[in-house]
J.: 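Before I ask anything, let me first share the structure, which is written out below as structure tokens.
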Amino acid sequence: MSGCLSPSAWSGSGWPLIILKSRTSSTHSHRQPNNQDVASTSYGAEGNRSLGVPGEDLAGVYSAKDFVGWYNGLPSCQQLNPDLSCETAVILGQGNVALDVARILLSPIDTLKKTDITQRALEALAESQVRRVLIVGRRGPIQIACTIKEVREMVNMPDTRPEMLAADFEGITEAVKDLPRPRKRLTELMLKTALEIPGEKEQERRNKASRVWAFRFFRSPIEILASPDNSRTAGIRLAVNRLEGSGEGAQAVLTGEVEDVTCGLVISSIGYKSFPIDPSVPFDSRRAIVPNNNGRVQQAAGLYCSGWLKTGPTGVIATTMNNSFDTARSLVEDIDSGTLDVSAAKPGSQSISGLLEKRGVKPVIFSDWEKIDSVEMSMGEATGKPREKLLTVEEMLQVARK
């Protein structure tokens, strides 16, 4: 049998693999029946969801995907050069990525120096004037999308203090008792941070803090406000919402009230979306996923999917791993039941190798990546960091081809 599963989905099988993880791959996306029995697409969600509000194209407005790519060394994001000269930054969205961005903006430079953040980003953040970060969500504390680990790291971040609005937490104390345990623990932490009077030691720490962070609930962006010369971002107009319904299914409804917040930096973290890879692969444009049943792509026998392409952009790494395991189980079930005929010998990954060679494409194999990894770690060691990343594909290929 020849197949295609990402390594996280299935390991130790000894099956030839055809890895279809890049949307821009020069190989055809669907399996070739004479060469493979199975293909699995796992190329993720590389697109941004648009805010759809006036002013989102102003200088000073960035997507979280691009901002994270900038400080993590993604080659395609190295020209971003974000302007960090303002005092207040607004992050739209309250998922884990939003909190990651907030921590990068507010963390002490000495803390960041011990990470694998790029030197270029480190130098920019060392000169940053951002001292206040608002993390804005359209619904309430009970619907927040991040995990307790992320909130706890915000609460304990050195040289910062929280600055919540008590009104955002009205009625939450009474609702906590009926929440599932993980959601209950998260909400209790936010309540404690927002409403409880801190102990003497914690109060002293907060009094000395030079930077501020806050959740702002029940707010939706309706316009990015421009500077007088219309050259860049000067603020954001937020609609004030109320909730209809309760729990996870509660919907944000406009009240007609608006608020203007002065800020020079807006980072949109409202979600990612997948793109179609090829006309032969079914794609649900509204949901931005490949339509599937437990990883089995609908109306495409022998084709499977996993990751955010399968579920949409949700969950943490462990969530994605588990849904990949589910796809692998579906595949094995189809083999065992005879739904997939894998009796004929086929060349599998060898056919892909031949196709790449024919097209002049030189793949980067694992041993090539190990060369890149070794060089990056050596560069990092010289400056006391876990690694210093190569920032262009050309540099990476130069190292890999040695």
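Throughout, numbering of the chain's residues begins at 1 and tracks the sequence.
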J.: When the side chains of residues 166-174 are checked against the rest of the protein, which donor-acceptor pairs come out under 3.5 Å, sequence neighbours left out?
T.:
residue	atom	partner	partner atom	Å
Asp168	OD2	Phe217	N	3.1

J.: Quick test of your reading: applying salt bridge (charged side-chain N to carboxylate O under 4.0 Å, His left out), list the pairs with at least one residue in residues 115-138, sequence neighbours left out, ordered by first then second residue.
T.: Asp116-Lys389, Arg132-Glu163
J.: Can you tell me which residue pairs pass the salt bridge (charged side-chain N to carboxylate O under 4.0 Å, His left out) test with a partner in residues 315-324, sequence neighbours excluded?
T.: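 Qualifying pairs, neighbours excluded: none.
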J.: Tell me, please, which residues at least two apart from Ser85 pass side chain to side chain contact (heavy atoms under 4.5 Å, CB included).
T.: Asp83
J.: Which residues pass the salt bridge (charged side-chain N to carboxylate O under 4.0 Å, His left out) test with Arg185, not counting sequence neighbours?
T.: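 Checked Arg185 against salt bridge (charged side-chain N to carboxylate O under 4.0 Å, His left out); zero matches.
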J.: Output every pair passing ring-ring contact (aromatic ring centres under 6.0 Å, His included) with a member in residues 91-141, not counting sequence neighbours, ordered by first then second residue.
T.: none
J.: Any donor-acceptor pair under 3.5 Å linking the side chain of Lys65 with the backbone of Gly47?
T.: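 Side chain of Lys65 to backbone of Gly47: no pair is present.
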J.: If we ignore hydrogens and angles and just use 3.5 Å, is the side chain of Thr115 paired with the main-chain N or O of Thr111 as donor and acceptor?
T.: no
J.: Enumerate the side-chain hydrogen bond (donor to acceptor under 3.5 Å, both in side chains) contacts for residues 240-249, please, sequence neighbours excluded, ordered by first and then second residue.
T.: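 Qualifying pairs, neighbours excluded: Arg183-Glu248, Ser220-Asn241, Arg242-Glu244.
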J.: Quick one: salt bridge (charged side-chain N to carboxylate O under 4.0 Å, His left out) pairs with a partner in residues 392-402, sequence neighbours left out?
T.: Asp368-Arg401
J.: For residues 347-399, which residue pairs pass the ring-ring contact (aromatic ring centres under 6.0 Å, His included) check, not counting sequence neighbours?
T.: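 As it turns out, the ring-ring contact (aromatic ring centres under 6.0 Å, His included) pairs with a partner in residues 347-399, which skip direct neighbours, are Phe366-Trp369.
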J.: Considering residues at least two apart in sequence or located in another chain, which fulfil the side chain to side chain contact (heavy atoms under 4.5 Å, CB included) criterion with Pro54?
T.: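 Result, side chain to side chain contact (heavy atoms under 4.5 Å, CB included) vs Pro54: Glu223.
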J.: Quick check: does any side chain N or O of Thr118 sit under 3.5 Å from a backbone N or O of Asn72, one acting as donor and the other as acceptor?
T.: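 Side chain of Thr118 to backbone of Asn72, a donor-acceptor pair under 3.5 Å: no, none is there.
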J.: Keeping to residues at least two apart or across chains, list the salt bridge (charged side-chain N to carboxylate O under 4.0 Å, His left out) pairs with something in residues 96-115.
T.: Asp100-Arg103, Arg103-Glu150, Arg103-Glu153, Asp110-Lys113
J.: Does Glu56 have any salt bridge (charged side-chain N to carboxylate O under 4.0 Å, His left out) partners at least two apart in sequence or in another chain, and if so, which?
T.: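 So Glu56 forms no salt bridge (charged side-chain N to carboxylate O under 4.0 Å, His left out) with any residue.
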